[in-house]
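Read through the structure below, which is laid out as structure tokens, and then see the notes.
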Amino acid sequence: MSNHKQEILFVVNNLNCGGAEKALISLLQTFDYSRYNVDLLLFKQEGLFLNQIPEQVTLLSEPDRYKYFDMPIKKAIVENLKKFNFNTIINRIGAAFVFKNETINAVVEQKMWKYLRNSMSKLPKKYDVAIGFLEKTPNYFVVDKVDAKIKIGFIMNDYNKLQMDKTIDARYFSKLDFIAQDSQESNTILVQNFPEFKDKFKIIKSIIASKTIRKLADEVVHDIPTGFNIVSVGRLSYQKGYDLALDALKIIHSKGILFHWIILGVGEEENNLKAKVIEYGLHDKIKFVGIKENHYPYLKKADIFLHTARFEGFGIVIQEAKILTKPIVLTDFNVAKSHIEHGKNGLIASMNPESIAENLEMLISDLNLRNQFSAELNKYDFGTENEIENFYNLLIKS
């Protein structure tokens with residue numbers, strides 16, 4: 001039997017607090033390093049999970065000249081003039097035109113890659129397997145800038161909701177050996193959009209370590225209010241539907257129902273949400289606690305876990321709430337029914353504040369129902385540690 005270790009590369013933008021980043025860290029923490037040498041490339045070495053990278057993983061330097069596309073154009077031009085990097089200046093100007101003329105953020109990133117690619121060097125090392133662990137730039141980098149026997153891309157969300165340019169992705173999907181996603185629903189959507197690549201699509205569920213989650217949840221925290229606590233975890237973005245939740249809680253509050261809503265996350269909607277909290281007179285009912293390296297104690301202390309996403313990939317945090325046997329209210333996003341059976345182990349509301357409020361009120365007022373849901377969830381182990389074997393199978397080209 002050969003003792004040769006496969007050389008594996010993972011590529012992702014950064015390790016900020018998001019589902020894909022959390023999934024990557026969980027995967028790396030589960031990896032068998034007796035079989036694989038693993039390198040990790042981050043376009044920016046930043047994020048909550050940076051200090052959770054296993055010591056066996058080699059963190060590569062940030063890609064050359066990427067930083068010039070992540071700074072104001074005037075500063076980028078000045079710095080490159082000093083270094084006579086005229087090619088980078090030309091491409092940075094091209095990227096600026098994309099920023100100016102394209103209104104859809106996802107398409108901005110897609111179209112900007114052409115200019116970023118022209119400014120970046122290929123990696124010198126040859127790999128057995130290279131994995132772009134997020135849609136767009138990480139996948140494109142693996143195709144264009146890495147020498148690898150097997151190239152794998154990941155789509156970590158509902159493709160229909162990502163608003164991407166399919167023609168750009170089709171060119172890159174044709175050069176990937178596999179494209180992985182973390183749910184059957186997401187896989188079905190990809191097949192509908194790209195039937196020509198259906199044999200390349202693979203379902204690889206995110207690694208969730210139930211024993212680790214339960215252990216971390218025992219950590220003591222001191223900023224949880226006394227009383228009835230509703231907890232939500234996730235980026236403060238349009239996708240996560242915090243505006244829907246806030247409007248629902250306004251309805252609940254108007255009925256004199258007591259609660260605290262604890263929100264863990266940051267994002268582009270934070271200022272809008274905080275302004276709305278003040279407008280609704282809910283400043284003493286809602287607590288923004290930002291990003292926590294360990295959010296499990298907050299989940300454990302929740303009386304209800306509330307998740308009002310408009311669309312989702314796998315929805316890792318929902319699985320975490322289930323592991324901690326929390327009564328759950330979800331909106332009816334694309335994969336909600338794969339997580340919860342309405343009325344049996346949680347509640348699924350329609351995608352509007354009135355339905356969310358109705359389901360919250362039902363659960364707040366009925367302790368027996370909450371206990372019933374918790375008891376039902378307690379019958380199962382929602383950990384997915386064994387999913388690592390499915391991932392290993394991708395590393396050997398069929």
- Message: Test of understanding: with ring pair (Phe, Tyr, Trp, His ring centres under 6.0 Å), list the residues that count as partners of F305, not counting sequence neighbours.
- Response: H307
- Residues D177 and K151 bridged, charged N to O under 4.0 Å: no
- Consider only side-chain N and O atoms of T88 and R65, and report whether a donor and an acceptor are under 3.5 Å apart. yes
- Message: Using the side-chain contact (heavy atoms from CB on, under 4.5 Å) criterion, which residues pair with T325? Sequence neighbours excluded.
- Response: S374, L377, N378
- In plain terms, say whether E109 and K136 are close enough for a salt bridge, that is, a side-chain N and a carboxylate O under 4.0 Å apart. yes
- Item | Note: D218-K300 ion pair, threshold 4.0 Å (strictly below) | yes
- Note on the structure: Contacts satisfying ring pair (Phe, Tyr, Trp, His ring centres under 6.0 Å) that involve residues 181-237 (not counting sequence neighbours) are Y159-F194, F173-F194
- Might you point out which heavy atoms bring S350 and S355 nearest each other, and give the distance in Å? N-OG, 2.8 Å
- Message: Is there a salt bridge (charged side-chain N to carboxylate O under 4.0 Å, His left out) between K292 and E219? Walk through the geometry before answering.
- Response: CA-CA 12 Å; K292 298 291 183 181; E219 180 183 317; over 6 Å; no
- Note on the structure: What one should report as the nearest heavy-atom pair of I286 and I263 is CG2-CD1, 3.8 Å
- Item | ring pair (Phe, Tyr, Trp, His ring centres under 6.0 Å) against F311, all qualifying residues, sequence neighbours excluded | none
- Charged N-O contact under 4.0 Å between K67 and E62: no
- Note on the structure: Nearest heavy-atom contact between V146 and A130 is CG1-CB, 3.7 Å
- Message: Are there over 12 heavy-atom neighbours, none belonging to K205, within less than 6.0 Å of that residue's NZ?
- Response: no
- Query: In terms of heavy-atom contacts, does NZ of K276 have more than 12 from other residues, nucleotides or ligands at under 6.0 Å?
  - Reply: yes
- Which residue pairs pass the side-chain hydrogen bond (donor to acceptor under 3.5 Å, both in side chains) test with at least one member in residues 235-245, sequence neighbours excluded? R235-E268, Y238-R310, K240-E312, D243-R310
- Quick one: closest heavy-atom pair of I203 and N187, and the distance? CG1-CB, 3.8 Å
- Message: Please find the pair of heavy atoms, one from N157 and one from S186, that lie closest to each other, and give the distance.
- Response: O-OG, 4.0 Å
- In terms of side-chain geometry, is the basic nitrogen of R92 or E79 positioned less than 4.0 Å from the acidic oxygen of its partner? no
- Query: Can you list every ring pair (Phe, Tyr, Trp, His ring centres under 6.0 Å) pair that touches residues 41-78, not counting sequence neighbours?
  - Reply: F43-Y66, F43-F141
- Just how far is it from atom CG of N139 to atom CD1 of I179, taken to the nearest 0.5 Å? 8.5 Å
